[in-house]
Trainee: 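Okay, here's the structure, questions in a sec.
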There are 2 protein chains.
Amino acid sequence: MPVSDLSHAAQDYLKLIWNATEWSSTPITVSVMAERLGVRPSTASDGIKKLAKQGLVTHAPYGSIELTAEGREHAVAMVRRHRLLETFLVQVLGYGWDEVHDEAEILEHAVSDFLIARIDDHLGHPTRDPHGDPIPSADGKPHLPQGILLSDAGPESEVVITRISDDDPEMLRYFTELGLAPDVRLTVRERRPYTDVTTIRRQGSDHDADLGPVAAAAIWVVAG
Amino acid sequence: MPVSDLSHAAQDYLKLIWNATEWSSTPITVSVMAERLGVRPSTASDGIKKLAKQGLVTHAPYGSIELTAEGREHAVAMVRRHRLLETFLVQVLGYGWDEVHDEAEILEHAVSDFLIARIDDHLGHPTRDPHGDPIPSADGKPHLPQGILLSDAGPESEVVITRISDDDPEMLRYFTELGLAPDVRLTVRERRPYTDVTTIRRQGSDHDADLGPVAAAAIWVVAG
DNA sequence: GCGGAATGTTAGACTTGCCTAACAATTAAG
DNA sequence: CTTAATTGTTAGGCAAGTCTAACATTCCGC
Ligand SMILES: [Mn+2]
Ligand SMILES: [Mn+2]
Ligand SMILES: [Mn+2]
Ligand SMILES: [Mn+2]
């Protein structure tokens with residue numbers, strides 16, 4: 001069964017479960033899902049039960065939520081759609097990287113596999129979206145995200161940004177002002193333990209910038 | 001209220017009513033609507049009743065179906081979306097003109113006004129879609145379709161194709177083979193009354209082609 | 001103008017996705 | 001270890017959109 005046969009809701013549920021485990025190993029819970037999806041916990045609980053009945057997730061009452069192989073396939077297909085659409089909107093239609101997430105969140109349910117293939121061709125088979133997230137390939141190949149949170153990077157380390165969470169458009173605009181984006185190189189100058197401020201300097205910049213804990217936890221980096 | 005606040009169904013109903021009166025003056029009926037929408041007459045009847053309750057159409061039981069000013073506004077907005085999307089898919093993503101209708105039929109409900117504006121900009125504010133249908137402008141200005149059915153054109157007349165119905169992808173592929181498309185100039189050679197065959201010659205072509213009544217009724221032309 | 005055919009409407013049911021309210025289970029604090 | 005807070009589930013309801021079956025109206029041929 002193709003992913004497009006699932007309801008919009010089911011598509012979003014699966015994608016969310018998958019996303020939750022991409023950059024973090026803490027398992028997803030019903031209440032977190034409800035909050036992310038903007039529905040009540042009872043709704044999310046119900047939805048998960050239905051997915052379990054369809055064999056797309058495993059879940060016993062009060063138990064953990066895990067994708068089955070089939071559920072994961074569909075989830076990856078949705079992630080691919082989402083990220084290709086974001087990339088297309090930025091590269092072809094001149095969207096800002098802070099404007100694409102909500103649009104893609106809707107479009108991902110409406111596009112055909114044919115259209116996704118055309119977009120992929122037109123873009124030359126990109127491997128990362130505007131926020132640095134890896135784009136799964138058409139065959140659903142596992143892709144290997146890497147990097148650690150900037151807030152976990154040691155002081156005086158030289159790092160390259162690999163990924164910035166697209167959860168909060170406001171924050172993305174702030175990062176634009178600071179010149180922070182995927183592939184930007186920076187030096188972690190200092191981490192003040194109690195105030196939890198991370199001081200960084202962008203390569204080529206002549207001054208430091210301070211990031212609060214929320215901002216520093218939205219940026220992933222690799223040593224570089 | 002923006003058109004995007006209406007349900008998908010309401011959007012399609014309004015668009016269909018508007019489309020039905022664009023190139024023909026015979027009023028739309030419940031059964032025709034049901035057939036075009038792929039639902040049962042009872043469903044269409046119900047849907048129309050709901051639209052009437054919202055003030056988007058006027059309709060008394062067993063009476064005629066007419067758009068109100070507000071309903072027409074929404075309908076035109078949907079037609080604009082549909083035709084801009086078709087144009088975009090052909091010009092930017094290399095779709096064939098026979099492939100765009102079904103895709104646009106879905107996408108039209110998912111795109112934001114912002115995305116439509118971007119597409120319009122990117123295309124340079126096109127005025128006709130790939131089938132020759134006029135694209136309503138952003139302010140919902142009435143646009144003026146013109147032309148008569150090729151099946152109504154007199155023999156030995158020189159005409160230019162203005163529009164080809166996109167209802168049937170199969171027929172569009174046939175027209176592609178014959179080299180028939182909007183803006184193509186042709187001569188009507190003969191109309192055989194009983195068999196209802198229209199013989200045409202494309203300008204620059206060295207042979208005639210015969211069109212059956214269905215094909216000739218899918219093409220609109222103006223004297224040229 | 002009548003009567004049957006075609007067309008349109010209503011009634012009742014089902015599905016999906018959402019809600020609130022009440023309840024159950026788990027977890028965390030003391 | 002016990003209890004209180006948190007988290008998750010169930011029950012019951014609602015709205016939208018679809019269906020089938022039964023019924024009403026209109027149209028058309030004679
Ligand atoms: Mn979505
Ligand atoms: Mn992204
Ligand atoms: Mn079309
Ligand atoms: Mn549609």
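What you see is a predicted model; the values in this text were computed from it and never measured. In what follows, every chain begins at residue 1, and chains take the letters A, B, ... in the order their sequences are listed. Excluded from the calculations below are hydrogen atoms, water molecules and symmetry mates; all remaining heavy atoms, backbone and side chain alike, are included.
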Trainee: Pair up each side-chain donor or acceptor in residues 41-56 of chain B with any protein partner under 3.5 Å, not counting sequence neighbours, and list the distances.
Mentor:
none

Trainee: Expressed as a whole number of angstroms, how long is the span from A:I65:CD1 to D:dT9:C1'?
Mentor: 12 Å

Trainee: Is there a donor-acceptor contact under 3.5 Å from the side chain of A:R191 to the main chain of A:S151?
Mentor: yes

Trainee: Is the shortest side-chain N/O distance from B:S7 to OP1 or OP2 of D:dG17 below 4.0 Å?
Mentor: yes

Trainee: Rounding to an integer number of Å, can you tell me how far B:K53 NZ sits from D:dA15 P?
Mentor: 12 Å

Trainee: Decide yes or no on salt bridge (charged side-chain N to carboxylate O under 4.0 Å, His left out) for A:R192 and A:E190, but give the supporting numbers first.
Mentor: CA-CA 6 Å; A:R192 298 198 195 78; A:E190 199 180 350; 3.7 Å; yes

Trainee: Taking atom types as modelled, find out whether B:T87 and B:D129 have a side-chain donor-acceptor pair closer than 3.5 angstrom.
Mentor: no

Trainee: Is the distance from OP1 or OP2 of D:dT20 to the nearest side-chain N or O of B:R40 less than 4.0 Å?
Mentor: yes

Trainee: Is a side-chain donor-acceptor pair under 3.5 Å present for B:W23 with B:S165?
Mentor: no

Trainee: Starting at atom CG of A:L37, determine the distance to atom C1' of C:dC19, rounded to an integer number of angstrom.
Mentor: 15 Å

Trainee: How many whole angstroms separate atom NE2 of B:H8 from atom C1' of C:dT16?
Mentor: 14 Å

Trainee: Anything under 3.5 Å between a donor and an acceptor, one on a side chain of residues 100-120 of chain B, the other on a protein residue two or more places apart or in another chain? List them.
Mentor:
unit_1: B:H101; atom_1: ND1; unit_2: B:H82; atom_2: NE2; d: 3.1
unit_1: B:H101; atom_1: ND1; unit_2: B:E86; atom_2: OE2; d: 3.3
unit_1: B:H101; atom_1: ND1; unit_2: B:D166; atom_2: OD2; d: 2.9
unit_1: B:H101; atom_1: NE2; unit_2: B:E105; atom_2: OE1; d: 3.4
unit_1: B:E103; atom_1: OE1; unit_2: A:S112; atom_2: OG; d: 2.6
unit_1: B:E103; atom_1: OE1; unit_2: B:Y95; atom_2: OH; d: 2.9
unit_1: B:E103; atom_1: OE2; unit_2: A:S112; atom_2: N; d: 3.1
unit_1: B:E103; atom_1: OE2; unit_2: A:S112; atom_2: OG; d: 3.0
unit_1: B:E105; atom_1: OE1; unit_2: B:K15; atom_2: NZ; d: 3.2
unit_1: B:E105; atom_1: OE2; unit_2: B:K15; atom_2: NZ; d: 2.9
unit_1: B:E108; atom_1: OE1; unit_2: B:K15; atom_2: NZ; d: 3.4
unit_1: B:E108; atom_1: OE1; unit_2: B:H82; atom_2: ND1; d: 2.9
unit_1: B:E108; atom_1: OE2; unit_2: B:K15; atom_2: NZ; d: 3.2
unit_1: B:H109; atom_1: ND1; unit_2: B:Q11; atom_2: OE1; d: 2.6
unit_1: B:H109; atom_1: NE2; unit_2: B:D12; atom_2: OD1; d: 3.1
unit_1: B:H109; atom_1: NE2; unit_2: B:D12; atom_2: OD2; d: 3.3
unit_1: B:H109; atom_1: NE2; unit_2: B:E105; atom_2: O; d: 3.1
unit_1: B:S112; atom_1: OG; unit_2: A:E103; atom_2: OE1; d: 2.6
unit_1: B:S112; atom_1: OG; unit_2: A:E103; atom_2: OE2; d: 3.0
unit_1: B:S112; atom_1: OG; unit_2: B:F114; atom_2: N; d: 3.4
unit_1: B:S112; atom_1: OG; unit_2: B:L115; atom_2: N; d: 3.0
unit_1: B:D113; atom_1: OD1; unit_2: B:R81; atom_2: NH2; d: 3.0
unit_1: B:R118; atom_1: NH1; unit_2: A:L93; atom_2: O; d: 3.0
unit_1: B:R118; atom_1: NH1; unit_2: A:G94; atom_2: O; d: 2.9
unit_1: B:D120; atom_1: OD2; unit_2: B:R80; atom_2: NH2; d: 3.3
unit_1: B:D120; atom_1: OD2; unit_2: B:H125; atom_2: ND1; d: 2.8

Trainee: Backbone N or O of A:G154 within a donor-acceptor pair of the A:S157 side chain at under 3.5 Å?
Mentor: yes

Trainee: Can you check the B:D5 CG to D:dA16 P distance for me, whole Å?
Mentor: 14 Å

Trainee: Take atom CG of A:D12 and atom C1' of C:dT16, then tell me their distance rounded to the nearest Å.
Mentor: 15 Å

Trainee: Within the pair B:S31 and C:dA6, is there a side-chain N or O less than 4.0 Å away from OP1 or OP2?
Mentor: no

Trainee: Would you tabulate the nitrogen or oxygen pairs shorter than 3.5 Å linking the protein to nucleotides 9-13 of chain C?
Mentor:
unit_1: C:dT9; atom_1: OP1; unit_2: B:H59; atom_2: NE2; d: 2.8
unit_1: C:dT9; atom_1: OP1; unit_2: B:Y62; atom_2: N; d: 2.9
unit_1: C:dT9; atom_1: OP2; unit_2: B:S45; atom_2: OG; d: 2.8
unit_1: C:dT9; atom_1: O5'; unit_2: B:S45; atom_2: OG; d: 3.3
unit_1: C:dT10; atom_1: OP2; unit_2: B:K49; atom_2: NZ; d: 2.9

Trainee: Figure out the NZ/C1' separation between A:K50 and D:dT10, and round it to whole Å.
Mentor: 13 Å

Trainee: In whole Å, what is the span from the OH atom of A:Y13 to the C1' atom of C:dG17?
Mentor: 8 Å

